[in-house]
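See below for the structure under consideration.
Basis for what follows: all heavy atoms, side chains included, without hydrogens, waters or symmetry-related copies. In what follows, every chain begins at residue 1, and chains take the letters A, B, ... in the order their sequences are listed.
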Amino acid sequence: MTRHLITSAIPYINGIKHLGNLIGSQLPADLFARYQRARGREVLFLCATDEHGTPAELAAAKAGLPVADYCKQMHATQSKLAEGFRLSFDHYGRSSSAQNHALTQHFAGKLAENGLIEERSERQVYSNADGRFLPDRYIEGTCPNCGYDKARGDQCENCTKQLEPTDLIDPRSAISGSTDLEVRETKHLYLLQSKLKDDLDAWIDSQTGWPVLTTSIAKKWLHDGYGLQDRGITRDLDWGIPVRRGDADWPGMEGKVFYVWFDAPIEYIACGAEWVEAGKGEDWERWWRTDKGADDVRYTQFMGKDNVPFHTLSFPATLIGSGEPWKRVDYLKSFNYLNYDGGQFSTSQGRGIFMDQALEILPADYWRWWLLSHVPESSDSEFTWENFQVSVNKDLADVLGNFVSRVTKFCRSKFGETVPEGGAWGAQEEALIAELTEHLTAYERHMEAIEIRKAAGELRAIWVAGNEYLQASAPWSVFKEDPERAAAQIRLALNLIRLYAVLSAPFIPDASGTLMEAMRTEDANWPSDLSAALKALPAGHAFTVPDVTFRKISDEERETWQDRFAGQRT
RNA sequence: GGGCCUGUAGCUCAAUUGGUUAGAGCAGAGCGCUCAUAACGCUUUGGUUGGGGGUUCAAGUCCCUCCGGGCCUACCA
């Protein structure tokens with residue numbers, strides 16, 4: 001049977017991620033992983049923190065910590081929040097791991113062996129005051145085109161003109177403000193992606209059913225202008241993976257590190273090795289090497305649209321260029337952005353809701369449900385508090401939560417806290433099963449295809465069907481004339497609760513667990529035949545009436561939160 | 001500037017890839033139910049599919065044009 005290798009784009013180490021970041025890769029990846037596990041398939045679900053690059057060095061300096069310490073701390077923080085949102089990674093690794101060092105150096109060595117790496121000399125801006133080379137966007141100055149005085153070295157935000165750092169009038173370091181800048185000669189390694197253009201093009205063409213968002217971005221990079229350009233894969237930084245050619249030194253590259261976008265995707269693979277090292281599994285190569293058993297692996301990647309070029313081109317170039325049989329992605333699911341209340345989520349401006357804050361005010365399931373059922377699949381989508389309140393109150397509290405409540409409380413008052421016996425199913429029950437079967441089939445189809453909004457819609461329809469059934473069968477009336485018939489109805493309804501727990505688990509794992517507990521069952525098997533699945537809890541089986549499964553969000557709360565998250569993060 | 005995506009009911013989104021009368025949920029209106037978290041069910045009002053032009057037996061879907069929103073543009077990650 002197909003095994004599923006699933007990776008989520010690895011979040012950058014700096015700071016706490018906002019809900020836009022969460023829904024852009026990790027959360028949908030988790031949904032898919034949980035679903036595939038629930039279907040009984042073998043899954044390896046990997047994610048990690050992306051720890052290298054200039055921003056990490058600067059953030060560490062600002063925090064007054066060595067970069068390694070800073071990253072370790074932030075990894076622990078992000079790891080804890082991931083657990084808080086119930087992200088079910090088999091391993092949450094780090095791109096700074098020893099495994100990634102070794103593997104990144106290994107790939108560089110192979111690429112060099114295959115003639116795909118070239119040393120090039122270039123001139124870059126060096127800041128004496130900062131003691132570092134400055135990436136273009138870390139240089140500010142006056143735009144020669146429009147006179148805007150905070151133009152960046154790569155582009156002027158004001159007039160959108162593309163710039164070179166040397167175009168700027170009165171350039172200064174965006175880090176320290178120092179104007180003590182000079183242009184220095186420095187040598188870097190380039191990955192000759194242009195030589196792999198045709199291979200990559202053919203590979204992209206051979207993919208069917210990838211989202212337009214994914215293939216159009218890849219095609220643009222392949223065919224725009226002079227085609228796919230070679231890419232610098234080293235940087236003059238202290239923190240990172242030292243440039244080595246496999247196990248050997250790389251003469252002339254002393255003191256340099258690999259570019260973060262070269263080593264970050266390799267961490268997907270290295271993370272497998274970390275997973276083994278951590279004692280959570282064995283034989284990571286059977287997931288990653290087609291010569292070592294990965295032929296039956298289906299590899300699915302999840303990411304935001306900004307990550308697509310690196311996953312469709314640079315990383316595959318690394319894998320192809322190595323000449324080794326590494327597993328390549330089979331399906332790449334990319335997402336648009338989630339906006340916040342009329343604007344963008346912004347980490348730098350503290351605008352929007354961040355993962356830690358979200359968990360402070362409501363349990364993970366509330367967020368998971370809203371985010372997943374509104375995931376920006378076809379275009380950017382928007383979070384508003386009104387929409388969030390309505391969705392949570394209607395879908396979770398009224399449709400699902402209240403269903404559980406009305407069934408369990410009715411049973412307790414008429415039959416006690418055990419599944420009642422007697423009676424038999426009739427036409428209404430057959431109709432319900434037929435309807436549920438239809439929705440379940442669609443639900444499974446959408447989940448397999450990773451059509452998340454549609455899957456959420458089907459799941460909701462499955463919940464609604466329970467309420468429709470109760471309304472139509474009216475056990476509260478039937479009970480007065482024919483208690484046995486009412487018993488059969490409620491027995492079915494109690495079984496629906498278990499079924500809902502099983503089917504809903506990928507979306508709302510905590511609530512699902514709570515319902516399973518209330519039904520006092522551990523039978524979480526995915527249903528293949530609903531008639532059978534709705535008899536899993538037999539007459540006489542004891543259950544408990546759960547507390548409110550989902551509480552409602554009041555207007556006052558909504559207003560309070562709206563104010564609290566409108567401005568700067570405190 | 002270039003490329004790509006996008007605009008559908010008051011709101012959030014669909015529409016089997018050109019094929020009956022453009023559908024759901026929410027909100028609004030009416031009715032029913034009283035087991036339940038004032039919950040649930042049924043019925044129902046909302047659309048010149050951003051504007052204009054074209055191709056076609058047939059256009060939300062394809063083409064042109066205008067208007068609006070977004071993303072990317074290779075040294076942020």
Side-chain angles (χ1 to χ4, degrees), chain A residues 9-14 50 52-56 58 122 124-125 133-139 152-155 160-162 164-165 174 188 193 211-213 215-217 219-221 223-225 228-232 235 259-261 264 304-310 313-314 336-337 339 344 347-348 373-374 376-384 386-387 389-391 393-414 453-454 456-457 460-461 464 466-472 474-479 486 489-490 493 547-552:
Chain A
I10 66 179
Y12 198 66
I13 188 70
N14 282 13
D50 177 13
H52 299 134
T54 307
L58 297 180
E122 57 194 31
Q124 287 191 347
V125 175
F133 281 95
L134 297 177
D136 291 355
R137 70 167 47 197
Y138 282 93
I139 303 160
R152 290 187 324 213
D154 56 345
Q155 185 172 38
T160 72
K161 186 177 170 61
Q162 308 256 347
E164 292 294 320
H188 282 296
Q193 299 184 136
V212 179
L213 187 61
T215 48
S216 67
I217 292 173
K219 284 289 183 186
K220 170 69 161 57
W221 282 52
H223 300 294
D224 191 42
L228 187 61
Q229 291 172 33
D230 299 332
R231 193 162 189 121
R235 291 291 184 273
Y259 174 43
V260 55
W261 264 116
K305 58 185 166 184
D306 54 329
N307 273 311
V308 168
F310 302 100
L313 303 169
S314 330
N336 289 282
Y337 291 143
N339 289 321
Q344 294 186 332
T347 302
S348 55
S373 59
H374 292 79
E377 277 175 317
S378 54
S379 63
D380 291 355
S381 64
E382 173 149 325
F383 177 94
T384 64
E386 289 81 3
N387 190 309
Q389 179 192 25
V390 164
S391 289
N393 289 358
K394 198 71 202 171
D395 299 347
L396 296 180
D398 292 347
V399 175
L400 177 60
N402 181 56
F403 175 80
V404 172
S405 183
R406 65 195 295 203
V407 170
T408 52
K409 287 180 180 172
F410 179 78
C411 184
R412 179 172 63 187
S413 77
K414 306 298 183 197
R453 281 179 184 241
K454 289 177 182 171
R460 188 185 188 282
V464 167
N467 284 312
E468 287 169 356
Y469 170 73
L470 281 189
Q471 194 64 34
W476 48 89
S477 305
V478 171
F479 181 79
Q489 291 166 339
I490 285 301
D547 293 331
V548 170
T549 314
F550 290 101
R551 70 174 189 84
K552 292 202 184 196

Rounding to a whole Å, what distance do you find between A:Lys219:NZ and B:rC4:C1'? 14 Å
What interatomic distance, in whole Å, is found between C1' of B:rU12 and the corresponding atom of B:rU55? 34 Å
C1' spacing across the pair B:rC4 / B:rC11, given as an integer number of angstrom: 28 Å
Nearest non-hydrogen partners of A:Leu400 and A:Phe550, listed with the distance: CD2-CE1, 4.0 Å
Remember a base hit wins even if backbone is also touched, and classify A:Pro475 as base, sugar-phosphate or nothing at under 4.0 Å, heavy atoms. nothing
Determine, stepwise, if the pair A:Tyr259 / A:His188 fulfils side chain to side chain contact (heavy atoms under 4.5 Å, CB included). CA-CA 10 Å; A:Tyr259 174 43; A:His188 282 296; over 6 Å; no
Does A:Ser405 use its side chain to pair, donor to acceptor, with the backbone of A:Gly401 at less than 3.5 Å? no
What's the gap between B:rG53 and B:rA59 when it is taken at their P atoms, as a whole Å value? 14 Å
Measure the distance from CG on A:Asn307 to C1' on B:rA77 and round it to the nearest whole Å. 8 Å
For A:Gln193, which contact category applies under a 4.0 Å heavy-atom criterion: base, sugar-phosphate, or nothing? nothing
Expressed in angstrom and rounded to an integer, what is the separation of A:Asp136 atom CG from B:rU73 atom C1'? 14 Å
Ignoring backbone atoms, test whether A:Lys454 places a side-chain nitrogen or oxygen under 4.0 Å from the OP1 or OP2 oxygen of B:rC13. no
A:Ala456 backbone acceptor or donor facing A:Ser373 side chain under 3.5 Å: no
Aromatic plane relationship, A:Trp261 with A:Phe310 - under 30° parallel, 30 to 60° tilted, over 60° perpendicular: parallel
Under 4.0 Å between any heavy atoms, over every strand shown, what does A:Glu386 touch: base, sugar-phosphate, or nothing? Just pick one. nothing
For a quick check of understanding: with a heavy-atom distance under 4.0 Å over all strands, which category does A:Asn339 fall into, base, sugar-phosphate or nothing? nothing
What form does the base of B:rU34 take, syn (within 90° of 0) or anti? anti
Would you mind classifying the nucleic acid contact of A:Thr54 as base, sugar-phosphate or nothing, using non-hydrogen atoms under 4.0 angstrom? sugar-phosphate
Could you give the distance separating B:rC13 and B:rU73 at their C1' atoms, to the nearest angstrom? 30 Å
Looking at B:rC75, I'd like to know if its phosphate oxygens (OP1 or OP2) sit under 4.0 Å from a side-chain N or O belonging to A:Arg231. yes
On a whole-Å scale, what distance lies between the C1' atoms belonging to B:rC63 and B:rC26? 37 Å
Rounded C1' spacing from B:rG10 to B:rC64 in Å: 33 Å
Is B:rG10 syn or anti, taking syn as a glycosidic angle within 90° of 0? anti
Output the rounded distance in Å from NZ (A:Lys220) to P (B:rC71). 16 Å
Test your reading of the model: is there a side-chain donor-acceptor pair from A:Asp230 to the backbone of A:Gln193, 3.5 Å cut-off? yes
For a 4.5 angstrom cut-off between non-hydrogen side-chain atoms, does A:Pro55 reach A:Tyr138? yes
Quick one, A:Asp306 and A:Tyr337 - any side-chain contact, counting heavy atoms below 4.5 Å? yes
Backbone N or O of A:Val399 within a donor-acceptor pair of the A:Asn467 side chain at under 3.5 Å? yes
Taking atom types as they are modelled, would you say the side chain of A:Trp221 forms a donor-acceptor pair with the base of B:rA74 within the 3.5 Å cutoff? no
Does a side-chain heavy-atom distance below 4.5 Å link A:Gln489 with A:Tyr469? yes
Check this one for me: any side-chain N or O of A:Tyr337 less than 4.0 Å away from OP1 or OP2 of B:rC5? no
5'-to-3' dot-bracket of RNA chain B (Watson-Crick, G-U; under 3.5 angstrom; crossing pairs as [ ]; | other strand): (((((((..((((.....[...)))).(((((.......))))).....(((((..]....))))))))))))....
Closest non-hydrogen atom pair, A:Asn14 against A:Ala56: OD1-CA, 3.5 Å
Between B:rA24 and B:rA15, how far is it from one P atom to the other, in whole Å? 14 Å
Each nucleotide of nucleotides 29-42 of chain B classed B (base within 4.0 Å of a protein heavy atom), S (only sugar-phosphate) or -, in 5' to 3' order, makes ---BSSBBB-SBSS
Rounding to the closest angstrom, what is the interatomic distance between B:rU16 and B:rU61 at atom P? 13 Å
May I have the distance from A:His374 (atom NE2) to B:rG25 (atom P), rounded to whole angstrom? 14 Å
Between B:rC26 and A:Arg460, is there an OP1 or OP2 to side-chain N/O distance shorter than 4.0 Å? yes
Tell me: CG of A:Asn387 to P of B:rC13, nearest whole Å? 8 Å
Are A:Arg460 and A:Val464 packed together at the side-chain level, in the sense that at least one heavy-atom pair is separated by less than 4.5 angstrom? yes
When the distance from CZ of A:Arg152 to P of B:rC76 is rounded to whole Å, what number comes out? 8 Å
Atom CD of A:Glu377 to atom C1' of B:rC71: distance rounded to whole Å? 17 Å
